[in-house]
Number of protein chains: 4
Amino acid sequence: MDTGRNATAGVAEAQRRGRPRSEKARVAILEAAAELLLARGLSEVSMDAVAERAGVSKATIYRWWPTKETLALDALYSEWAAAAPSPRATGSLRGDLLSLLRPWARLAGSRPYGRVIAALITEAQTDPAFAQVYQSRFVEPRREQARGIFRRAAERGEIPPDTDIEVAIDMVYGPLYHRLLHGHAPLSERFVRAVVDTALGGLTGHGRNVQEN
Amino acid sequence: MDTGRNATAGVAEAQRRGRPRSEKARVAILEAAAELLLARGLSEVSMDAVAERAGVSKATIYRWWPTKETLALDALYSEWAAAAPSPRATGSLRGDLLSLLRPWARLAGSRPYGRVIAALITEAQTDPAFAQVYQSRFVEPRREQARGIFRRAAERGEIPPDTDIEVAIDMVYGPLYHRLLHGHAPLSERFVRAVVDTALGGLTGHGRNVQEN
Amino acid sequence: MDTGRNATAGVAEAQRRGRPRSEKARVAILEAAAELLLARGLSEVSMDAVAERAGVSKATIYRWWPTKETLALDALYSEWAAAAPSPRATGSLRGDLLSLLRPWARLAGSRPYGRVIAALITEAQTDPAFAQVYQSRFVEPRREQARGIFRRAAERGEIPPDTDIEVAIDMVYGPLYHRLLHGHAPLSERFVRAVVDTALGGLTGHGRNVQEN
Amino acid sequence: MDTGRNATAGVAEAQRRGRPRSEKARVAILEAAAELLLARGLSEVSMDAVAERAGVSKATIYRWWPTKETLALDALYSEWAAAAPSPRATGSLRGDLLSLLRPWARLAGSRPYGRVIAALITEAQTDPAFAQVYQSRFVEPRREQARGIFRRAAERGEIPPDTDIEVAIDMVYGPLYHRLLHGHAPLSERFVRAVVDTALGGLTGHGRNVQEN
DNA sequence: CGGTAATCGAGACGGTACGTCATGTCTTACA
DNA sequence: TGTAAGACATGACGTACCGTCTCGATTACCG
């Protein structure tokens with residue numbers, strides 16, 4: 001799936017005229033981009049380098065991805081989507097959150113994704129069009145999952161019905177992104193548990209969740 | 001204060017030989033950089049542009065700042081340090097946190113600082129030397145303030161003595177940075193209060209803090 | 001008639017199998033090329049542009065013309081051959097030359113052909129195969145006409161029998177091409193007459209031809 | 001002397017501020033360009049290739065020469081100006097013309113200059129600004145020399161005083177350029193003599209110059 | 001009338017050069 | 001020694017064109 005042009009093309013669509021897009025080239029570009037991005041970071045990766053490593057011409061890249069950033073987004077997404085499992089419903093808010101956030105943290109910490117994500121966020125600050133794509137591809141899907149989790153918890157009575165769910169989401173994802181981007185401490189499993197427990201029970205301890213998991 | 005070379009050290013230092021450094025140039029550079037950074041973002045600002053706007057030669061900039069990023073850091077720091085008031089002790093954890101975070105959020109939201117901070121974080125991902133400077137100049141001072149606040153709260157018995165303070169700091173700063181960088185929702189005063197209250201009392205509501213402020 | 005491949009050979013040839021060549025496309029390509037060439041010059045005309053204007057695919061052009069230059073040669077030739085009348089025998093060398101050169105000069109000056117011819121000559125300098133085609137299509141026919149004229153003049157005794165006819169041809173065509181390509185002065189009718197008269201009678205005036213025409 | 005910017009800079013001019021232009025680079029560029037041009041022709045020479053061979057950056061070339069063509073003009077001019085001797089006055093029109101044209105023909109035939117000159121003429125057809133520079137640098141100086149020769153011949157009575165000198169110049173340079181560019185026959189010494197003699201005496205032979213030289 | 005074969009349109013592709021721009025260094029003259 | 005001016009090597013940018021290619025669609029013939 002491309003960030004750039006009309007890459008939708010339903011299955012049943014009649015074959016379009018002209019030479020069809022080279023699937024080989026598409027995959028080679030995304031893989032080359034992903035490897036280079038993780039090895040060197042967005043700003044150190046040139047389109048020329050991607051083209052060379054993918055065995056592809058620069059024009060072919062620009063035909064499908066308008067900017068380096070959109071290519072990076074797609075490249076990262078390919079890796080990320082392939083690796084991330086869909087969380088299952090555990091019956092408790094704590095369990096649901098852990099099953100959502102643990103794979104995310106494990107994935108985020110497994111390779112230098114933070115560097116690439118930081119670069120994408122930086123680009124989103126300046127380019128509104130890119131920001132829109134970044135939001136809808138990377139951010140919203142995960143927030144939507146979290147919204148469902150919190151909504152179901154409210155229905156079960158685990159959290160008050162007037163809870164501001166947007167704030168709640170920021171309370172759990174915020175600290176994770178914080179460590180991912182600032183790198184002042186590891187994105188460990190322990191940290192995920194601590195974040196979830198603190199978000200649920202609070203620091204003062206009166207509502208502290210005692211489950212062990 | 002420069003990120004780069006001889007940071008001039010003490011007042012009483014003997015006058016060095018040769019023409020002294022031009023204070024006018026130093027200020028002009030920092031101001032030009034700050035304005036351009038906030039207007040266009042780090043990646044869109046060139047050293048040539050800073051030099052031209054400051055009425056200064058490029059060589060002069062490079063003599064004192066080794067990279068564009070260090071210059072940006074200093075330029076941002078000048079603005080930020082001038083504006084941020086030092087928080088006062090209120091006697092309660094909630095009060096202390098609000099007096100620490102509210103000015104931060106107000107400042108961060110007042111101009112497009114997020115764009116510059118995101119760029120600095122991005123650079124820190126790749127350049128370890130810069131990361132070190134960024135941490136010690138921007139991150140640690142504020143974490144140290146927060147550590148003091150939590151430590152005093154533990155002494156007062158407001159939070160358990162075994163609280164992991166590093167996690168606690170991430171629980172309040174994380175959500176703020178999250179909104180600053182992702183921009184999916186405003187960094188409002190209301191949000192700061194919600195973050196503090198949730199961090200203290202938790203989402204489940206059993207320990208919910210009922211103070212009104 | 002194409003510069004490139006199977007130049008169709010004889011009329012009576014048996015119809016070849018497969019879809020026959022589209023005459024419509026052939027004409028459209030030549031016309032599009034001629035218009036673009038005269039408007040912009042060879043180097044400013046791209047095959048893509050010709051294809052688009054002719055409503056034809058690039059592959060169709062390349063199937064029949066190996067290079068842009070050969071296409072330009074054919075396009076120019078179509079225009080040129082259609083416009084140039086065949087000179088008639090006047091009975092005198094001066095009359096024959098004028099009847100040969102005047103139409104040439106009028107045509108050459110009528111539209112920016114100089115620009116295209118210069119480009120073809122340039123290409124011929126580098127590509128020997130093209131040079132051969134250019135000579136045989138554009139240069140030799142006209143030189144052959146001129147040879148006949150001078151030969152008959154020698155038979156009539158108008159010029160010495162040992163006259164070097166190749167030099168004689170260069171003496172009349174050279175100055176015309178000179179103005180066409182350098183453009184320092186107009187290719188006027190007056191100039192054609194002056195060239196012929198000077199070539200015949202010389203600058204010193206002793207043999208000056210006094211006919212008026 | 002450059003075609004591009006303000007390369008005049010009189011001798012006595014006060015040293016301009018900033019790093020002075022690198023004479024070494026200037027010469028290396030012109031020499032690299034000249035060698036490549038003569039070896040491959042203008043269209044086959046890329047700026048990248050010139051930069052690489054000269055050991056110079058592309059930006060440096062573009063700083064001083066706006067286009068490839070202006071660079072080629074300067075490169076050719078350097079070679080040409082260094083080689084061409086100034087003709088001397090012989091006392092006769094024939095002698096003067098031979099002393100002007102023989103070195104020109106020898107030089108033009110010595111290396112594949114025709115290919116480069118053809119390309120420059122081609123460019124001049126399309127780019128009026130370049131045409132102006134080409135005329136004033138390459139064409140006019142030589143025409144001015146020729147004008148002097150014919151003017152003095154008229155004063156001596158060798159040619160009629162009402163001779164159209166512009167036509168006369170085209171009569172001798174035209175055939176030479178014709179052979180240089182069309183390449184249908186060699187630019188030999190014999191040819192130069194034949195052109196001069198025919199231009200002076202005419203083909204009809206009544207005014208034929210009988211000097212031998 | 002169905003099969004074979006060359007043509008055509010569309011347009012993606014690898015490759016190469018373009019001319020521009022930014023980085024960081026260097027070389028002058030002047031302060 | 002510091003500074004303004006500005007030339008320099010390096011290298012990436014995004015665009016444009018070239019000539020080739022792979023499709024489906026078309027249009028003749030030939031069996």
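Keep in mind that this is a model prediction, so the values were computed, not measured. Within every chain, numbering begins at 1; the chains are lettered A, B, ... in the order of the sequence lines, protein sequences first and strands thereafter.
- Following rounding to the nearest Å, Arg26(A) (CZ) and dG14(E) (P) show an atom-to-atom distance of 14 Å.
- Contact between the side-chain N/O atoms of Trp64(B) and the OP1/OP2 oxygens of dT3(F) is found at a separation under 4.0 Å.
- Across dA6(E), dC18(F), dG15(E), the shortest atom-to-atom separation from the side chain of Ala59(A) is found for dG15(E).
- Side-chain nitrogen and oxygen atoms of Ser57(A) include none within less than 4.0 Å of the OP1 or OP2 phosphate oxygen of dG15(E).
- Between Thr67(A) and dG14(F) there is no side-chain N or O to OP1 or OP2 distance below 4.0 Å.
- The line from CD1 of Ile29(A) to CH2 of Trp65(A) is 4.5 Å long, rounded to the nearest 0.5 Å.
- Counting non-hydrogen atoms under 4.0 angstrom, Val45(B) reaches the backbone sugars and phosphates but no base.
- Separating the CG atom in Leu37(D) from the CD1 atom in Ile117(D) is a distance of 11.5 Å, to the nearest 0.5 Å.
- One can place CG of Asp48(B) at 6 Å from P of dT23(E), the figure rounded to the nearest angstrom.
- A sub-4.0 Å separation between OP1 or OP2 of dT7(E) and a side-chain N or O of Ser22(C) is absent.
- Side chain Arg19(A) to base dC13(E): no donor-acceptor pair is found below 3.5 Å.
- Counting only heavy atoms from C-beta on, Arg21(A) has its side chain closest to dA12(E) among dT3(F), dC13(F), dA12(E).
- Between Val56(D) and Lys58(A), the one whose closest nucleotide on DNA chain F sits nearer the 5' end is Val56(D).
- With values rounded to the nearest 0.5 angstrom, Gln125(D) atom CD is found 7.5 Å from Ile121(D) atom CD1.
- When the P atom of dT23(E) is taken as reference, atom CD of Glu44(B) falls 11 Å away, rounded to whole Å.
- Judged purely by atom type and a 3.5 angstrom limit, Arg115(C) uses its side chain to pair as donor or acceptor with the backbone of Leu38(C).
- Side-chain nitrogen and oxygen atoms of Arg63(A) include at least one within less than 4.0 Å of the OP1 or OP2 phosphate oxygen of dC13(E).
- Comparing dA4(F), dG19(E), dC8(F) against the side chain of Tyr62(D) picks out dG19(E) as the nearest.
- Separating the CD atom of Glu69(B) from the C1' atom of dG24(E) is a distance of 12 Å, rounded to the nearest angstrom.
- Glu52(D) has its CD atom 13 Å from the C1' atom of dA17(E), to the nearest Å.
- Nearest nucleotide to the Arg17(D) side chain, out of dC13(E), dA5(F), dA25(F): dA5(F).
- For Ser46(C), whose side chain is taken as the heavy atoms from C-beta onward, the closest listed nucleotide among dA17(E), dC18(F), dT3(F) is dC18(F).
- For Trp65(B) and dG2(F), the CH2 to C1' distance is 14 Å, given to the nearest whole Å.
- Nearest-nucleotide positions on DNA chain E for Gly55(C) and Met47(D) put Gly55(C) closer to the 5' end.
- In terms of the salt bridge (Lys or Arg N to Asp or Glu O under 4.0 Å) criterion, Lys68(A) has no residue partners (sequence neighbours excluded).
- To the nearest 0.5 Å, atoms CD1 (Ile61(B)) and OG1 (Thr67(B)) are separated by 12.0 Å.
- Counting to the nearest Å, the P atom of dA12(E) and the CD1 atom of Ile61(A) are 16 Å from each other.
- Put simply, CD on Glu23(B) is 22 Å from P on dA31(E), counting in whole angstrom units.
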